[in-house]
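As structure tokens, the structure follows; a few thoughts come after it.
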Amino acid sequence: MKITGKTKVIGIIGWPVSHSLSPVMHNAAFEYLGLDFCYVPFAVREGSIDVVLRAIPALNIVGLNVTVPHKEHVLPFLSEVSKEAAMMGAVNTIKVVEDRLIGYNTDGIGFISAVEEAGHPVKGLSLLILGAGGAAKAVVFAAAGKGAKEITIANRTFAKAKSLKEQTEKYFHPVKIEAIGMGCDELKNIAGKIDMIINTTSLGLKRGDPSPIPKEFLHKGLFICDLIYNPPETELIRDAKDSGINHMNGMGMLLHQGGAAFKLWTDTEPPIEVMRKALEETLMSDE
Ligand code: ATR
């Protein structure tokens with residue numbers, strides 16, 4: 001990659017940001033298409049978001065990804081936000097247009113594209129979402145918007161599951177949404193009736209973490225999706241594999257949220273296979 005005085009800069013702001021795979025994925029795409037862009041990480045602490053966002057147009061930075069812990073905090077600094085981002089109250093992508101910052105959220109479409117690519121569209125299905133944080137919200141809103149029949153949100157802290165249920169019902173009232181805790185009995189009661197499980201909790205990020213749902217509650221007809229991609233194989237994914245259950249990890253969602261952001265910044269179709277290869281190679285070299 002050759003950086004010149006004309007190269008357009010895109011960044012990712014987050015804390016921590018050093019483990020992000022987005023620079024590798026996007027730079028591979030720019031290079032492949034010969035686009036004069038580069039993508040750089042900015043480690044931005046929690047209290048610095050106002051200074052940083054004011055400087056973005058001044059520095060001629062043309063776009064940003066926004067990650068933990070800033071996805072909600074950037075909203076007051078934006079000139080405009082997309083319908084999805086406004087509904088979720090969270091932004092993961094910013095495009096700079098004539099000094100105006102426009103916020104989007106591509107996490108939901110990233111999830112939808114990933115399950116569709118895996119041959120498991122959510123329309124008409126009963127879903128069990130494990131977790132009720134930021135990632136869960138993106139998945140629940142996207143799945144409700146794509147016509148899931150029924151969504152059960154199970155969370156360790158029940159109040160957060162209930163709150164996400166209420167927020168979702170406000171926008172998608174025909175979809176049946178339930179909130180439960182993550183106790184064994186609650187999971188057992190629901191497990192037989194669902195078509196897809198999506199783990200959005202952080203259980204599995206650390207090697208040795210248990211699965212968020214006991215193996216004996218899983219049945220053959222399920223599709224299991226763990227949003228964790230590093231490590232690529234969590235205990236939940238191992239259980240799915242052992243039991244012959246269709247499954248995917250979170251790499252597809254990471255890839256497709258990136259693809260959607262790439263399109264917003266460059267008005268060009270993302271070279272998805274090039275981006276996927278860059279992610280896979282980086283994850284493999286991490287092992
Ligand atoms: P993200 O943005 O990745 O969704 P988050 O908003 O911090 O991250 O949410 C983390 C989720 O993982 C929450 O649902 C959290 O449950 P609580 O709301 O009860 O905290 C869940 N989580 C984290 N550690 C967990 C654990 N050991 N067991 C079960 N759930 C866990």
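Just so you know, these numbers use all the heavy atoms, side chains as well, and skip hydrogens, waters and symmetry mates. In listed order, ligands and their atoms are each counted from 1.
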Exercise for the section: Evaluate whether atom CZ of Arg238 has more than 12 neighbouring non-hydrogen atoms of other residues, nucleotides or ligands under 6.0 angstrom away. Expected result: yes

Practice task
Flag yes if more than 12 heavy atoms outside Asp242 fall under 6.0 Å of its CG atom; otherwise flag no.
Solution key: yes

What donor-acceptor contacts under 3.5 angstrom involve side-chain atoms of residues 49-64, with partners at least two apart or in another chain?
none

Practice task
Decide whether Leu125 and Leu128 are clustered together by the hydrophobic rule: side chain heavy atoms of Ile, Leu, Val, Met, Phe, Trp, Tyr closer than 4.5 Å, transitively.
Solution key: no

What donor-acceptor contacts under 3.5 angstrom involve side-chain atoms of residues 265-272, with partners at least two apart or in another chain?
unit_1	atom_1	unit_2	atom_2	d
Trp265	NE1	Ile94	O	3.0
Thr266	OG1	Phe262	O	2.7
Thr266	OG1	Thr268	N	3.2
Thr268	OG1	Thr266	O	2.9
Glu269	OE2	Lys263	NZ	2.6

Practice task
Could you name each residue pair satisfying ring-ring contact (aromatic ring centres under 6.0 Å, His included) that touches residues 117-142, not counting sequence neighbours?
Solution key: His120-Phe223, Phe141-Tyr171, Phe141-Phe172

Completion exercise
Less than 4.0 Å from some atom of ligand 1, heavy atoms are found in residues Gly131, Ala132, Gly133, Gly134, Ala135, Asn155, Arg156, Thr157, Lys160, Thr201, Ser202, Leu203

